[in-house]
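Everything on this sheet refers to the single structure shown next.
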Amino acid sequence: MKAAFSKAKFESEIANRFGDAFKLHEKTFGETLSSGIPEIDALTGGIPRGAISEIFGPSSSGRTSLMYPILANAIVQEETCALIDTNDVFAPTVASSAGIDFDRLLWVRCGGNLEHAFKATDLLLHAGGFGLVILDIGDIAGSEARRIISSWWYRFRRTVENRPTVMMVISEEACTRSCAVLALELKGAAEWSRANAEQGNLLHFNSIKVNRQRPFLPWFNEPQFKAASF
């Protein structure tokens, strides 16, 4: 009873702040959300709604630097967004420099508790009204991430598949298995400068491998590109 009450109270507080975040919206097949990065959109057509996408790569490869412009652009498009921050690594000052409007962002801090992060993600995906839900487990060791039971990923996939929500997973190694339709693998070290950060474009250079796990757009054909000066 206590858990049910806590969930209801949480939903009420979120609804008061974000309005229609807990209202279901119809999804159009093949609909995508722009990443805000022309090079990525040109290759993928955008990030698919109603599906899981994954950004992964080793530490300092630019995972977070790539997440910021994606999040900022979703907010510019008036999407209500949620970030599940497993290890409390999200930097509000840097995010603000990247142009992220916190009025449309729900930031969930989990204090390193992976179970809490997954339960929060499950709740927000079931809400149905978030345009972008990001689960950041990038600071969880790859070996630990690979031990996450598959049923979580299948549950998330089934939850979003008929909704206009983009679910994005940030990780050190690919861990969503066959449940992700799009994977962006960051190769090598990212380069970025203070000047770029002040302009809101954090990622200066990286090599990104784009991998389609399951078909969602018939014309997707480019496997890799090098992104310079976003």
Mind listing the closest non-hydrogen atom pair of [X] and [Y] along with its distance?
X: Val181; Y: Pro48; result: CG2-CG, 3.4 Å
X: Asp41; Y: Gly46; result: OD1-CA, 3.5 Å
X: Ile170; Y: Arg63; result: CG2-CB, 3.8 Å
X: Ala82; Y: Leu124; result: CB-CD1, 3.7 Å
X: Glu79; Y: Arg104; result: O-NE, 3.3 Å

In terms of ring plane angle, is the pair Phe156 and Trp153 parallel, tilted or perpendicular, where the classes change at 30° and 60°? perpendicular
A side-chain contact here means heavy atoms from C-beta on lying under 4.5 Å apart; do [X] and [Y] qualify?
X: Met167; Y: Phe130; result: no
X: Thr32; Y: Ile47; result: no
X: Val108; Y: Leu83; result: no
X: Cys81; Y: Leu106; result: no
X: Phe102; Y: Ile75; result: no
X: Ile40; Y: Leu184; result: yes
X: Leu105; Y: Phe90; result: yes
X: Asn73; Y: Ile37; result: no

Pairing residues for Thr86 by the side chain to side chain donor-acceptor pair (under 3.5 Å) criterion, not counting sequence neighbours: none
Do Arg157 and Glu161 meet the salt-bridge criterion of a basic N to acidic O distance under 4.0 Å? no
Does the side-chain contact (heavy atoms from CB on, under 4.5 Å) test come out yes or no for Phe118 and Ile148, once each step is laid out? CA-CA 10 Å; Phe118 273 75; Ile148 296 171; 3.5 Å; yes
Side-chain donor-acceptor pairs under 3.5 Å in residues 131-139, sequence neighbours left out?
| unit_1 | atom_1 | unit_2 | atom_2 | d |
| --- | --- | --- | --- | --- |
| Asp136 | OD1 | Gly138 | N | 2.9 |

Asp101: what forms a salt bridge (charged side-chain N to carboxylate O under 4.0 Å, His left out) with it, not counting sequence neighbours? none
Under 3.5 Å, which donor-acceptor pairs link side chains of residues 50-57 to any protein atom two or more places apart or in another chain?
| unit_1 | atom_1 | unit_2 | atom_2 | d |
| --- | --- | --- | --- | --- |
| Glu54 | OE1 | Thr176 | OG1 | 2.8 |
| Glu54 | OE2 | Ser171 | OG | 2.7 |
| Glu54 | OE2 | Cys175 | N | 3.0 |

Keeping Glu172 on the side-chain end and Ala141 on the backbone end, is there a donor-acceptor pair under 3.5 Å? no
Output yes when a side-chain donor or acceptor of Arg146 lies under 3.5 Å from a complementary backbone atom of Ala174, and no otherwise. no
So the ring pair (Phe, Tyr, Trp, His ring centres under 6.0 Å) pairs with at least one residue in residues 157-186 (sequence neighbours excluded) are none
For Arg109, all residues meeting side-chain contact (heavy atoms from CB on, under 4.5 Å), sequence neighbours excluded: Asp88, Trp107
